[in-house]
Participant: 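Sharing a structure below in structure tokens format, with a few things to ask.
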Amino acid sequence: MTSVSEIRINKILLIDDSRIEQLMYRRIIDRAGIVDEVVAFSYAEDALNHLANARDDWPNIILLDINMPRMDGFEFIAAMEDRLGTQGLPIVMMLTTSLDPSDEVRASQTPLITDFLVKPLTEDDLIGMANMLLDRRSTAGA
């Protein structure tokens, strides 16, 4: 088992149209103390443009809200795949307040989505993400 002191997430890309949610996530992320940088966007299109223009500086993890104006989380995933391909993409964690079971089913059937979490985000969620990232790194290095 990896100790918390060994776990690091270099960068998280947060995509959520709610400023209040963004502030809550930042507070939780800061409290966890395992994330070096957070880049936040209220609109999925802006986040997609950021990823396309920052290929050498991609985040390790994307926290993605489902329900957003203009482009929802599922539309973002499809656009990201079309525009950026599927190789080397960050871990995508879909976040929602939705109680619609079809959202979770759809997320589980979308290969680029690693996990589906019901809000609010917790420190334990972040530690789990960091462990996934560590597993991904050790698998890639093997």
Side-chain angles (χ1 to χ4, degrees), residues 1-140:
M1 175 81 173
T2 305
S3 75
V4 173
S5 63
E6 296 175 42
I7 300 172
R8 297 298 311 163
I9 299 172
N10 295 335
K11 184 187 291 187
I12 287 179
L13 178 64
L14 170 59
I15 309 169
D16 196 310
D17 61 308
S18 168
R19 293 282 181 196
I20 293 169
E21 296 279 345
Q22 285 189 22
L23 289 171
M24 275 188 0
Y25 293 157
R26 284 180 183 272
R27 187 169 293 137
I28 292 163
I29 289 167
D30 288 345
R31 201 173 343 150
I34 61 171
V35 179
D36 297 328
E37 182 181 359
V38 177
V39 178
F41 291 94
S42 296
Y43 297 106
E45 303 97 321
D46 296 338
L48 185 60
N49 289 332
H50 171 78
L51 287 171
N53 292 323
R55 281 192 174 262
D56 295 333
D57 192 29
W58 275 354
N60 305 106
I61 295 173
I62 297 174
L63 298 179
L64 177 63
D65 187 23
I66 289 180
N67 298 312
M68 295 181 287
R70 303 194 321 214
M71 178 187 281
D72 71 22
F74 290 109
E75 292 167 333
F76 171 82
I77 292 293
M80 183 174 71
E81 186 173 5
D82 287 346
R83 193 161 168 189
L84 306 175
T86 58
Q87 296 301 310
L89 290 177
I91 292 172
V92 178
M93 307 297 286
M94 188 162 267
L95 298 164
T96 187
T97 55
S98 171
L99 299 175
D100 184 351
S102 67
D103 285 336
E104 187 169 3
V105 169
R106 186 174 176 196
S108 71
Q109 294 171 344
T110 305
L112 293 181
I113 298 173
T114 304
D115 205 354
F116 182 90
L117 303 171
V118 177
K119 294 178 182 181
L121 181 71
T122 66
E123 287 183 49
D124 286 341
D125 292 332
L126 287 169
I127 291 169
M129 291 176 212
N131 279 318
M132 277 188 241
L133 186 60
L134 195 61
D135 289 345
R136 181 185 269 190
R137 287 178 183 153
S138 65
T139 302

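Keep in mind that the numbers below use all heavy atoms, side chains included, and drop hydrogens, waters and symmetry copies.
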Participant: State, to 0.1 Å, how close S98 and T96 come at their nearest heavy-atom pair, and which atoms those are.
Facilitator: N-OG1, 2.8 Å
Participant: Looking only at heavy atoms, what is the nearest atom pair of G73 and M68, with distance?
Facilitator: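 Distance-wise, the nearest heavy atoms are N-CE, 3.9 Å.
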Participant: Check A107 against M94 and note the closest heavy-atom contact, atom names and distance.
Facilitator: CB-SD, 4.2 Å
Participant: Side-chain contact, heavy-atom cut-off 4.5 Å: L89 with W58?
Facilitator: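 Counting from C-beta outward, L89 and W58 do come under 4.5 Å.
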Participant: Decide, yes or no, whether a salt bridge links D17 with R70 under the criterion of side-chain N to carboxylate O below 4.0 Å.
Facilitator: no
Participant: Give the intermediate values and the outcome of side chain to side chain contact (heavy atoms under 4.5 Å, CB included) for residues L112 and M80.
Facilitator: CA-CA 9 Å; L112 293 181; M80 183 174 71; 4.2 Å; yes
Participant: Is there a side-chain contact between I62 and I15, using heavy atoms and a 4.5 Å cut-off?
Facilitator: yes
Participant: Check whether more than 12 heavy atoms from other residues, nucleotides or ligands sit under 6.0 Å from atom CZ of R19, and answer yes or no.
Facilitator: no
Participant: Between R83 and L48, does the side chain to side chain contact (heavy atoms under 4.5 Å, CB included) criterion hold? Intermediate values first, please.
Facilitator: CA-CA 9 Å; R83 193 161 168 189; L48 185 60; 3.8 Å; yes
Participant: Rounded to the nearest 0.5 Å, how far apart are CG of D125 and CD1 of I127?
Facilitator: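 So the gap between those two atoms works out to 9.5 Å.
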Participant: Heavy atoms, side chains only, cut-off 4.5 Å: are M71 and D46 in contact?
Facilitator: no
Participant: Do F76 and I66 come close enough that some side-chain heavy atom pair is under 4.5 Å?
Facilitator: no
Participant: Measure the CD1-CZ distance between I34 and R8 for me, rounded to the nearest 0.5 Å.
Facilitator: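 Reported to 0.5 Å precision, the distance equals 7.5 Å.
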Participant: So do F116 and S108 actually touch side chain to side chain, heavy atoms under 4.5 Å?
Facilitator: no
Participant: Between D65 and E21, does a side chain to side chain contact (heavy atoms under 4.5 Å, CB included) hold up when you go through it step by step?
Facilitator: CA-CA 10 Å; D65 187 23; E21 296 279 345; over 6 Å; no
Participant: Please examine the side chains of V38 and D30, heavy atoms only from C-beta on, and report whether any two atoms are closer than 4.5 Å.
Facilitator: no
Participant: Which distance, rounded to the nearest 0.5 Å, do you find between the CZ of R26 and the CG of L121?
Facilitator: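 Reported value, rounded in 0.5 Å steps: 13.0 Å.
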Participant: Nearest 0.5 angstrom please: R106 CZ to D100 CG, how far?
Facilitator: 10.5 Å
Participant: With side chains defined as the heavy atoms from C-beta onward, is the minimum distance between F74 and T110 less than 4.5 Å?
Facilitator: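 Yes; the side chains approach each other to less than 4.5 Å.
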Participant: Look only at the side chain of E75 and the backbone of D72, and say whether a donor-acceptor pair between them is shorter than 3.5 Å.
Facilitator: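 Indeed, once roles are kept as given, a pair shorter than 3.5 Å links the two residues.
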Participant: Roughly how far apart are N49 CG and Y43 OH, rounded to 0.5 Å?
Facilitator: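 So the gap between those two atoms works out to 14.5 Å.
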Participant: Is the shortest heavy-atom distance from the side chain of V39 to the side chain of L14 under 4.5 Å?
Facilitator: no
Participant: Roughly how far, to the nearest 0.5 Å, is CZ of R31 from CD of E123?
Facilitator: 5.0 Å
Participant: Is there a side chain to side chain contact (heavy atoms under 4.5 Å, CB included) between H50 and D57 once you walk through the steps?
Facilitator: CA-CA 10 Å; H50 171 78; D57 192 29; 5.9 Å; no
Participant: Using a strict cut-off of less than 4.0 Å between a Lys/Arg side-chain nitrogen and an Asp/Glu carboxylate oxygen, indicate whether D36 and K11 qualify as a salt bridge.
Facilitator: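 No salt bridge links D36 with K11.
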Participant: For the backbone of F41 and the side chain of Q22, can you confirm whether one donor and one acceptor N or O come within less than 3.5 Å of each other?
Facilitator: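 Yes, the answer is positive, given that a donor and an acceptor are paired below the 3.5 Å cut-off.
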Participant: Mind listing the closest non-hydrogen atom pair of N10 and N60 along with its distance?
Facilitator: N-OD1, 2.8 Å
Participant: Judged by modelled atom types alone, do R136 and N131 share a side-chain donor-acceptor pair under 3.5 Å?
Facilitator: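 Side-chain D/A pair, R136 to N131: absent.
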Participant: Is the shortest distance from a Lys or Arg side-chain nitrogen in D16 or K119 to a carboxylate oxygen in the other one below 4.0 Å?
Facilitator: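 Salt bridge flag = yes for K119 with D16.
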